[in-house]
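Please read the structure below before turning to the comments.
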Number of protein chains: 2
Amino acid sequence: MLLSKSCVYGLRASLYLAAREQGEFIPIRNMSDKLEISFHFLTKILQQLTAEGILESFKGPNGGVRLKKSGTEVQLIDIVLAIDGPQLLTECALGLPGCGVKNPCPLHDKWAETRDAIHEMLEKTTLTELVHKGKTENLRLTTDGGFDILFDN
Amino acid sequence: MLLSKSCVYGLRASLYLAAREQGEFIPIRNMSDKLEISFHFLTKILQQLTAEGILESFKGPNGGVRLKKSGTEVQLIDIVLAIDGPQLLTECALGLPGCGVKNPCPLHDKWAETRDAIHEMLEKTTLTELVHKGKTENLRLTTDGGFDILFDN
DNA sequence: GTATTTTAAGATAAAAGAGTCTCAATAATA
DNA sequence: TATTATTGAGACTCTTTTATCTTAAAATAC
């Protein structure tokens with residue numbers, strides 16, 4: 001598995017927030033319902049994103065979370081790093097500690113290339129870009145239903 | 001984490017076997033010592049590779065395991081599929097079931113490209129190729145020491 | 001044929017990841 | 001001020017992965 005489940009949920013929730021970007025705080029309960037993710041679990045994940053400065057939160061009635069920056073300024077890599085950490089982009093494919101240009105494993109060079117491709121994809125893709133694609137093509141963020149039904153209320 | 005620990009151990013052990021390819025069976029205990037992997041854990045992993053027809057085993061004195069085919073005919077993808085299964089190369093990056101060309105998520109296209117790069121790397125790389133690189137450049141398969149010390153007895 | 005060396009298989013344990021539950025803190029509103 | 005809606009934080013549980021331990025089965029050698 002490339003990304004942990006927490007990370008995947010974090011990405012889906014971030015896309016949801018980017019799609020509703022009007023400055024309002026969105027209650028987590030709302031998101032957990034729409035995205036079919038356990039409320040408490042999602043809450044913990046979003047707390048991490050808040051702690052990392054990707055989201056900001058507000059307590060009480062009319063509270064919730066929202067993106068701290070515009071979705072055009074948030075890359076997927078930001079969320080992956082905040083939740084899964086840098087391992088995916090730094091670790092040796094054979095699990096050897098300290099594997100690098102100085103002291104490589106036999107797979108190092110090839111894996112470094114592939115890893116760079118992953119890195120580049122995550123770095124070049126913004127939330128807004130995916131939201132735009134999702135909206136225009138009515139793609140999905142949940143098992144069933146398209147982008148539109150996420151926002152029908 | 002791209003590959004599970006079991007898979008990484010399976011790769012390291014397969015490289016070890018490919019490097020010693022002289023038709024003899026290598027005791028797992030020998031490998032677990034050299035590669036610094038728990039003997040019983042490695043045994044179970046190699047059992048999977050044997051069940052998948054990548055290795056063959058022989059019990060009793062002078063027994064052990066060896067590659068069933070030449071290392072030139074074994075690609076990394078064979079070992080990854082045998083141990084981790086096809087998920088890495090089929091799963092949706094956002095974890096949505098049934099994500100594909102017919103019913104994609106917003107990230108599908110980009111992730112499919114990246115995934116193909118991973119697939120291609122694993123598919124084009126043979127054990128022998130990595131062993132050759134490891135031998136000529138004295139690279140490592142363990143935390144410390146180079147390729148040579150693996151085979152000094 | 002008995003003892004020894006090895007893989008095979010299954011039970012068990014420990015650690016990590018995923019998910020749930022409870023209560024505290026904060027803010028709005030009536 | 002009391003009530004309600006919300007996030008924050010921690011304890012707890014369940015599941016999967018990783019690792020260990022024990023016993024059985026097979027093959028060799030004496």
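Below, chains carry the letters A, B, ... as their sequence lines are ordered, and counting in each starts from 1.
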Pairwise N/O distances under 3.5 Å, protein to nucleotides 15-18 of chain D:
{"residue": "D/dT18", "atom": "OP1", "partner": "B/Lys5", "partner atom": "N", "Å": "3.0"}

Distance check needed: [N] [atom2] versus [X] [atom1], whole Å only.
X: B/Ile28; N: D/dA19; atom1: CD1; atom2: C1'; answer: 15 Å
X: B/Glu56; N: C/dT6; atom1: CD; atom2: P; answer: 18 Å
X: A/Leu49; N: D/dT7; atom1: CG; atom2: P; answer: 14 Å
X: B/Ile26; N: C/dT5; atom1: CD1; atom2: P; answer: 18 Å
X: B/Arg29; N: C/dT4; atom1: CZ; atom2: P; answer: 17 Å
X: A/Lys59; N: C/dT26; atom1: NZ; atom2: C1'; answer: 5 Å
X: A/Glu24; N: D/dT7; atom1: CD; atom2: P; answer: 13 Å
X: B/Asp33; N: C/dT5; atom1: CG; atom2: P; answer: 15 Å

Counting any heavy atom closer than 4.0 Å, what does A/Leu46 reach on the DNA or RNA strands: base, sugar-phosphate only, or nothing?
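The answer is nothing, as A/Leu46 stays clear of every strand by at least 4.0 Å.
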What contact category does A/Phe58 fall into here, base, sugar-phosphate, or nothing, at under 4.0 angstrom with non-hydrogen atoms?
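Sugar-phosphate: the residue A/Phe58, judged by heavy atoms under 4.0 Å, touches backbone atoms but no base.
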Do [X] and [Y] have side-chain N/O donor and acceptor atoms under 3.5 Å apart?
X: B/Ser6; Y: B/Ser4; value: no
X: A/Thr126; Y: A/Thr128; value: no
X: A/Tyr16; Y: A/Arg12; value: no

Look at A/Asn62 and C/dT29 and indicate whether a side-chain polar atom (N or O) is within less than 4.0 Å of OP1 or OP2.
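A/Asn62 to C/dT29 OP1/OP2: side-chain N or O found under 4.0 Å.
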At under 4.0 Å, does any side-chain N or O of A/Ser38 touch on OP1 or OP2 of C/dA18?
no
Before giving the answer on side chain to side chain contact (heavy atoms under 4.5 Å, CB included), spell out for A/Leu130 and A/Leu76 the whole-Å C-alpha distance, their side-chain angles and the decisive distance to 0.1 Å.
CA-CA 10 Å; A/Leu130 292 183; A/Leu76 302 191; 4.0 Å; yes
As an exercise, state the distance from CG of A/Leu94 to OG1 of B/Thr142, rounded to the nearest 0.5 Å.
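A/Leu94 CG to B/Thr142 OG1: 11.0 Å, rounded to 0.5 Å.
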Would you find more than 12 non-hydrogen atoms of other residues, nucleotides or ligands less than 6.0 Å from B/Glu73 atom CD?
yes
Electrostatic pair B/Glu24-B/Arg66, nearest N-O below 4.0 angstrom:
no
Where the side chain of B/Pro61 is concerned, which of D/dC21, D/dT6, C/dT4 is the nearest nucleotide?
C/dT4
Which nucleotide in D/dA26, D/dG8, C/dA9 has an atom nearest any side-chain atom of A/Thr43:
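Nearest listed nucleotide: D/dG8.
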